[in-house]
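Some notes on the structure that comes next.
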Amino acid sequence: MSIHSFSVIVVGAGHAGCEAAHAAAAMGVKTLLLTQNLDTIGQMSCNPAIGGLGKGHLVREIDALGGIMGQLADKTGIQFRLLNRRKGPAVRGPRAQIDKAEYRRTTRDTLDNTPNLTLRQGEATELIIENGQIKGIKTDWGMSIMAPTVVLTTGTFLRGLAHIGDRTFDSGRLGDAPSKSLSASLKGLGLTMHRLKTGTPPRLDGNTINWEKTIVQDGDVDPLPFSFLTKSLPTNQLPCHITHTNSTTHKFIKDNLDRAPLFSGQIKGIGPRYCPSIEDKVVRFDKRDSHQIFLEPEGRSTSEIYPNGISTSLPIDIQLDVIHSINGLENAQIIRPGYAIEYDMVDPTQLDFRLAVKCLEGLFLAGQINGTTGYEEAAAQGLVAGINAALLTQEKEPVAFDRGQSYIGVMIDDLITKGVDEPYRMFTSRAEFRILLRTDNADSRLTPIGRKIGLVSDERWEIYTNKISSIAKVKKILGATKVNPNRIKNGVGGEKKPALELLSRNDLDRSLILKECGLENIDPEVAMAVEVEAHYHGYIQKQEDEVEKFRNAEKMEIPTDLNWEKVPGLTIEVRQKLTKIAPTTLGQAYRVPGVTPTAISILIVYLRTMQ
């Protein structure tokens, strides 16, 4: 039995799949979202939080383009904090604790009410391919569903194998079946695949925790939303709490490393360096006598607590010993055990900037299947894959995101030019132009792109254009108004200077400068944008010049059919690397690991001879 009525099929309904399906459908393309379980759409499989350093930038960019993660987080958040608040605006990261059950329900409701989108339960078992092009998928129902584009967002489900002590069992995540057949179908395409590992901590019953022995961590008094559409956030925020491991905790772990799958040789996959298990932390940081643990509530209507910082695959009895050795958790009960999971992923250097598989037209990959970790990284990839799948069916030009424009562009470029040898996580340090890529200006960078492709609504576009207009008006007033800085600083007279110029000074209260100009009641987002631009004007100008140089390198295109063996002067190693990655621009070639400046100089000369 076949169904031929879809233009885009999205497989998997995690964060990547939800963004991909919503984007394609919102762009007017008839889309199917296929998932093994309709009740787990938008499931937060690991920590109950969204955002953070680097990750928060991705969420703001997703929102600026017309994606849904930011709005979902604002609607279901139970605590909001801006990380690095005391540092510069380029490295501040919004983060929110989320009510996991509400997030899942709100995601389902959002997708149920998205025009052009159909939800269906079932497992994709095989890709349908004809003449080197994707034609659809086969399901475990024995049904063929046809479409010219398919987006795979399989998370940890491809041949997922869970570990708790010496016990192993097939699982996509705890309680869900893995996907085995689809992994075999991908290997049949000749794609290079690897094995990665991730993990999660045991969940605790909050009613059995002695909260008086922990440190309270409240949310911000003036919380920052993720979405540019959100006008207000919940005021009744829930607290998190902090505790620590200790020498007794570490002894329990060290004495039982022979029972830890990570050290016994049972786990073969590579885990995330920046989110290691507690076993890994105790071994790697042997001199430390404690590690911080954040006790994070999983929702308003549940007592379940996520102890962030002690992911583990140790046996259940040792997990209990570890938990009970920690201050405040002496009598805590485990609701769900911690576990590790291994899964298949596809080497992302086999993808192009659209997140499309180079060797098979119409097939897109997004999320953990590309070697990333984290909800935010997955959602950003899903958005890009969904957008470009829709544009392909509409016979329109694809959208490319570059490193000088967005964290999304940084991540995709990293994946397709460098690949991964461990789960990839976004950090602000990965972006060369981070002064330009701030959370406050994500809309000015990306909302016009979202509008052009048909993903940004009229409401969002009106809010954006009003903000840009207001910024221009405020800057004009500040530039034309002269203010006495000495009077603002210490109440004495002195020479007046343009207010816009004074905003760059650290020794003056910027809110008082705005008040002197009659601008004390302007929108906080407008005020922030103007203040940041004025304060960092010199740095911004310098990075804009650097971005221009970067884009000039990107403009020198490399023919897709270039035979690297015929480029004289390149070493065998460089030829092999460039053949594998097949960069399409000089800039991409320069970022391939192992490609030297000398090789780039040789390539420039060769490309000019071809013109």
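What you are looking at is a predicted structure, and each value in this text was computed from that prediction instead of being measured.
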Taking the side chain as every heavy atom from C-beta outward, state whether E544 and L436 have any atom pair closer than 4.5 Å.
-> yes

Report yes if the side chains of N308 and L295 come closer than 4.5 Å at any heavy-atom pair, otherwise no.
-> no

Assess whether a salt bridge exists between [X] and [Y], defined as any Lys/Arg side-chain N lying under 4.0 Å from an Asp/Glu carboxylate O.
| X | Y | answer |
| --- | --- | --- |
| R273 | D421 | no |
| K549 | D545 | no |
| E548 | R551 | no |
| K475 | E533 | yes |
| E377 | R425 | no |
| E376 | K55 | yes |
| R591 | E554 | yes |
| E531 | R510 | no |

Spacing of [atom1] belonging to [X] relative to [atom2] belonging to [Y], to within rounding of 0.5 Å:
| X | Y | atom1 | atom2 | answer |
| --- | --- | --- | --- | --- |
| L502 | L478 | CG | CG | 9.5 Å |
| C18 | L111 | SG | CG | 5.0 Å |
| R460 | T447 | CZ | OG1 | 6.0 Å |

Between [X] and [Y], does any side-chain donor sit less than 3.5 Å from a side-chain acceptor?
| X | Y | value |
| --- | --- | --- |
| Q405 | R445 | no |
| T76 | D99 | no |
| T372 | N370 | no |
| E557 | T585 | no |

A quick test of your reading: do over 12 heavy atoms of other residues, nucleotides or ligands sit less than 6.0 Å from [atom1] of [X]?
| X | atom1 | value |
| --- | --- | --- |
| K87 | NZ | no |
| K467 | NZ | yes |
| F427 | CZ | yes |
| M528 | CE | no |

Geometric cation-pi criterion, R60 with F228: 6.0 Å, 45° = yes

May I ask you to check if R95 and F226 form a cation-pi contact, with NZ or CZ under 6.0 angstrom from the six-membered ring centre and within 45° of the axis?
-> no

Would you check if the side chain of [X] reaches a backbone N or O of [Y] as a donor-acceptor pair within less than 3.5 Å?
| X | Y | value |
| --- | --- | --- |
| Q71 | D63 | no |
| Q394 | M27 | yes |
| Q237 | F80 | yes |
| D352 | R354 | yes |
| T481 | I477 | yes |
| D413 | G409 | no |
| E304 | G206 | no |
| R438 | D440 | no |
| T214 | G328 | no |
| H535 | S504 | yes |

Could you walk me through whether F294 and Y306 pass the ring pair (Phe, Tyr, Trp, His ring centres under 6.0 Å) check?
-> CA-CA 8 Å; F294 292 92; Y306 182 95; over 10 Å; no

Provide the closest heavy-atom pair for [X] versus [Y] in the form atom of the first, atom of the second, distance.
| X | Y | result |
| --- | --- | --- |
| A23 | L383 | CB-CD1, 3.8 Å |
| G42 | T107 | CA-CG2, 4.1 Å |
| K482 | P498 | CG-N, 4.1 Å |

Could you pull out all residues at least two apart from Y464 that satisfy ring-ring contact (aromatic ring centres under 6.0 Å, His included)?
-> W461

